[in-house]
Structure formats: C-alpha cells, structure tokens
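Chain identifiers are assigned alphabetically (A, B, ...) following the order of the sequence lines, protein sequences preceding nucleic acid strands; residue numbering begins at 1 within each chain.
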Amino acid sequence: MYKHNGQEFFVIDGHMHFWDANPENWRNQYGESWIKCFYAYHNALSPAEAVWPFDKFCRYGEEALVDDLFRSGHVDMAILNSTYLHEFYKNGFNSHIQNNVAKSKYPDRFLLCGSFDPRDEEAGFEAFRRMMGEYPISGLKLYTAEWRNGSRGWRLNDPWAYKYLDLAQQSGIKNIHVHKGPTVYPLSADAFDVHDVDYAATDFPALNFIVEHVGLPRLDDFCWIAAQESNVYAGLSVAMAFVHLRPRYFGEIMANLLFWLGPDKLCFGSDYAIWSPKWLIEKFMAYDLPEDLKQEYHVDLTDDIRRKILGENTARLYGIDIAAQTAKLARDGLAANG
Amino acid sequence: MHSDVPCEFPEGCDGSAILQRLDQVLDPELDESILDLGFVRSVELHAGHADIALRLPTSWCAVNFAYLMAEDVRHALLDVGDIREVTVRLGDHCAAAEIEAAVNAGQSFADAFPGEGAGSLAALRATFLRKGFLIRQQRLLRELRETGFAAAAICALRLAEVSVRDSVFVIQRSDHGPVTGGPAVILQRYLQRRAELGFDCSPTAALIIDLDGRPFAPERLQAHYEAARTMRIALEANGSFCRALMARASCDVAKTAANIKTGGRHVQA
C-alpha cells in the first residue's frame, strides 16, 4: 500500500513487461531497432536519475523487476502484458511462457496475460486452448500491429478475431488489453488505428476492453469510442510518462479523459521497464491539475480519484478484493513496509 | 530569428529569403514550422544548388510524413532567386536513402513506396490542413470565451469585426466598444489557414465556421469546441514526444562533444 497524506493507496500496475531483448535473442535488425526505439522513449521522458544503461534495459532480470515494482516501486500487483514479436526475437520478446517465470514465483503479485493472433485461424485454436489450460491466464493482451508472414497487422473485428474472442469468453476471460499507442519502429502506423475497438466492444458487451496507451496519439478517436461504449477503459501507460517533463500536457490529457470517460474507467500502468512505477507514482501523487483546466473541464484529480486510477478500477475489472489481497500480500515479504 | 541553423551562402546573398521559405514548411502533424521545431540542421547554397540537411527527432519518424516534409522543402526553395537544384538530406532516418533518391528526383511518394498503404500524400496533407484549421480555431475560441463572449456573440462575429493591433487582436462590433481578444498570432494563424483552405474570407463572412464553411448555430458551438479541444490534445502527443526526444538527442550530442573535448581531441567547430 502506497502511503500519501496519511492515506493508503492500493496500486495495480496494469501494464508492465518482463522482456528479453538481449542481443542473443535478436532475430534480425528489427530486434535491435525495436529495443532501441523503446530505449529512446525511456531516455527521453524519464528523470535523469531513473535512466538505465542500455545493456541493463535489454535484460534487467527478475531481481530488478521485483525490486522496481514491489520493494521500492509502490506497486502491490502488476499485470504482465505478454508481447510476442517472434519475427523480431528468437524466443519472443515477453511471451506468456517467459512471463510465467515471474508469475509462478510470485503468484499473488502478478496477473498473467495470454494472447491470440487471428491470422493463425483455426490452426491456432488448439494452441490457444492449451495456453488457457496450462497457464494461469487472467486476461489477454492483443497486439494488432504485430507482423506475421508478410502481414503488417490485423483488426479486432476480423472474423477470425471474433472466433478467438468467443473462445476466450468461453474460457472465462473478461478483460482484453489492446495495444493502441505510439508507433514503434518498424511497425505500421495504420495498425494502431482505434476504430476496431468500437466494433468489438459493441459485439462483445460482456468483455472489457482496456485500450493501452489511450490510443495516443489518437486520443480523440479513443475518447469518442470510450465515451459511447460502457465496456471500454483507458490504460494510462505512456500518458503517465508525460507527468515529469510535460506536466501541463499531462494535465490536459487527464482533464480530457476525466471529462469524456469519468474517473471510474481510468487504469494506471507504467509500461515498465520503459518507465519505472516509482517515479511515475510519486510524481502523479504530487501532481495537481492546473486551476484553469479544472475550471474549463469541470473536473478534478482528488485523492479519491487517484485511488481509483491507481488500483480500484483495475481491481474491480479483475474481481480483486483489495482488503483480502492486501492481507495476503503482507505475508510474502516483498512489501516495502512488510 | 533562426541564427542557430548553420548556414553557408555565397557572398552577397543574405539567405533570408531561403530561411523565410523554410519557415513556411510545416510538420503537417504538429502544424508548426520545421525551423521552429529544430528540424533543419544546415542550409548551404552554392552556384544555384541548395543543400538542406534535415534532422528529424528519431530515425523511425513516419516515412510518409518525412517524405512530405522533404518534398515541401524542395518545392519551397525551387523558385527562390536563382536556385535551380535542391538536394534534401535526411541524416540517419531509417528510409533516408529511398526518400532522398525519390524526392531529389521529383518522384511521387506512391512511386517511391508502392504498397505503403497511405498512398496519396495529397490526401494526407489535406487531412492535416483541415485538422490544423480546427485546432487553430479552437485556440481562437478559447481566447474569445476567456474574454467573456457567450456562444451567441461568438457565432454572430463577422470577419470585419476582428483585427490585429500590435501584438493582440481586437474585436470591434458596431454597437459595442472595442474588446481586446488575445495574442494576435492566434487570430493570424487561424485566418491564414482559413484562406489556404479556400473558405469565404469576405468582410461579412462569419468568423467561426465549420469544415464545410458554414457558420454555427450557438447551440452547436459547445460540442464543436469540446471535440476540437480533444483533437488538439491528440495532435500534440507526437509534438510532445518529438520535443522530448529532440531535447534528449541534443543533450546527448552535447555530452559527446564534451567528452571529445575532455579527451583532448581536436574538434571541428
């Protein structure tokens, strides 16, 4: 529990990674370009004292991960957003298999995301069922811009994607994290278009769609969709990172999200290891919306709203009882004050 | 104004016409001058041949936008003075070789990058000119609202009733005293884009119009304003990334230069 102003805040980092971008794992020049692109974002928006050397950024390992999240990073629970990129990385970038190493060691701390790729069509059903059966999958992370055999992306409303969403729903999945964010070289910008979420959210009303990175830079498209669809949520990673170097801009993003979506649909995420939750959370808690934005948008960022954003909203999506979970976590020896 | 760009001009040529033209080349997405954004690394002119080196914030900046800016630079300079040839260079951009070869030969994007989806750059350019119009208008609306104008008063304003006085713009209606609106540049940028898009600019035309050139009914203005406001925040995302990446890159360059200096090696200024 993060403590601030004498109050407690349960933190779920809704978007983080345990990746392997060691040069030995690069399949081609894209593996290198990808992690260098990530590193440029890390280097550009982190406070100077939080910038890592590039080799650590490629592979930080389990100790650093646990430390940066739970021991010093104020995080109570974290969602492993599996990302595969098999065309760039020999063993994948951070597949559910890689991520499950952390999950199986700290089962109460992590929620593990699986995934599917509709371009596998029927041939992928068996592997999807096996993943759902053999791994403790709580949600899915979908990456519509991923390359596959010459295809530069897919859409959530492709017929085969709907078949997989049906399967996921039958397996008890409720939450779908969809990556819709800034272009990462070499992926195609068109594949980050947000509009497919609109179709899928309407056609699968029992599923929740958490749009990771709030569609940035397509924030407007995202807001129109999320304001209409009650099951579309905002995953704040990437947007959070502006809180340090571009606080005014961060305030404008938050004012817009609060204006269009309200405080119950915004979910904190760090995108660790691109950015570390420790400074993101500390700066977020110290941040107040500028007066003119409060007045123009008729919104505020109170401690109660911060509590929802940092943990309560995501806890609700995943059916986590915060009091019971806190008691459980107090026994694992990782808590900063435990 | 842009003395930080290294320039090399022949004797007797002050180069200001060239810089003025470059100042009009915009990053379409950010709707800002590539000079103000720091994208121009150097400018050289020798015997009617202009050589412009650009420096985009990252090596992976979208290929179509990079192409568009390179092409705009070439077109902007081709009819300045005795310039007969323009070479644009894109430094370490991931598609520098292809873009340079095509742009400097006057080829179109579709020819140079078949199959790169976005096909026509003209459509892309038009989309962003129109988005830029809404955003420039939103900034103007914000000033008018802050000055105390209600929706009905804003919708009733005519072009003849607004003008620039020194660094501010002024609203002068026949039955009211003059009111100071806000920074002149906010009005000027809006009017400039409005003219570029070919909308009616006669004195009796409504000041605030939609993308079809129609004036607004007052009850339609609030929703329009809220949508335009969010569009502005969306478009500023990439600008914010660019500035942060540029700032870090120049800081890293400075560090490298400092390291070289402390290493005692000769550094070419």
Which answer fits A:Ile253, side chain, backbone, both or neither, if we ask what part of it has an atom under 4.5 Å from a heavy atom of chain B?
both
Pick one of side chain, backbone, both or neither for A:Phe259, based on which atoms fall under 4.5 Å of a heavy atom in chain B.
side chain
Distance (rounded to the nearest 0.5 Å) between A:Asn43 CG and B:Leu245 CG
9.0 Å
Can you tell me which portion of B:Tyr225 sits under 4.5 Å from chain A's heavy atoms? Options are side chain, backbone, both or neither.
side chain
Region of A:Val238 in contact with chain B, defined by heavy-atom distances below 4.5 Å
side chain
Measure the CZ-CD1 distance between A:Phe250 and B:Ile233 for me, rounded to the nearest 0.5 Å.
13.0 Å
Sidechain N-carboxylate O distance under 4.0 Å for A:Glu296, B:Arg145:
no
Contacting moiety of B:Arg232, where chain A heavy atoms sit under 4.5 Å
side chain
Any donor-acceptor pair under 3.5 Å from A:Tyr249 side chain to B:Ala237 backbone:
yes
Please report the interatomic distance CZ(A:Arg218) to CG(B:Asn238), rounded to the nearest 0.5 Å.
8.0 Å
For B:Glu146, is it the side chain, the backbone, both, or neither that has a heavy atom closer than 4.5 Å to a heavy atom of chain A?
neither
For the atom pair CH2 (A:Trp260) and CD (B:Glu226), what is the distance rounded to the nearest 0.5 Å?
5.0 Å
SB check A:Asp292 B:Arg142 (cutoff 4.0 Å):
yes
So, do A:Phe242 and B:Phe241 have ring centers that fall under 6.0 Å from each other?
yes
With distance as the sole criterion, is a donor-acceptor pair present between the side chains of A:Asp220 and B:Thr230 under 3.5 Å?
no
Among A:Ala239, A:Pro217, A:Cys223, single out the residue with the greatest number of heavy-atom pairs under 4.5 Å to chain B.
A:Pro217
Whatever's closer than 4.5 Å to a heavy atom in chain A on B:Ser240 counts as both
In terms of heavy-atom pairs under 4.5 Å with chain A, the winner among B:Met231, B:Glu29, B:Glu236 is B:Glu236
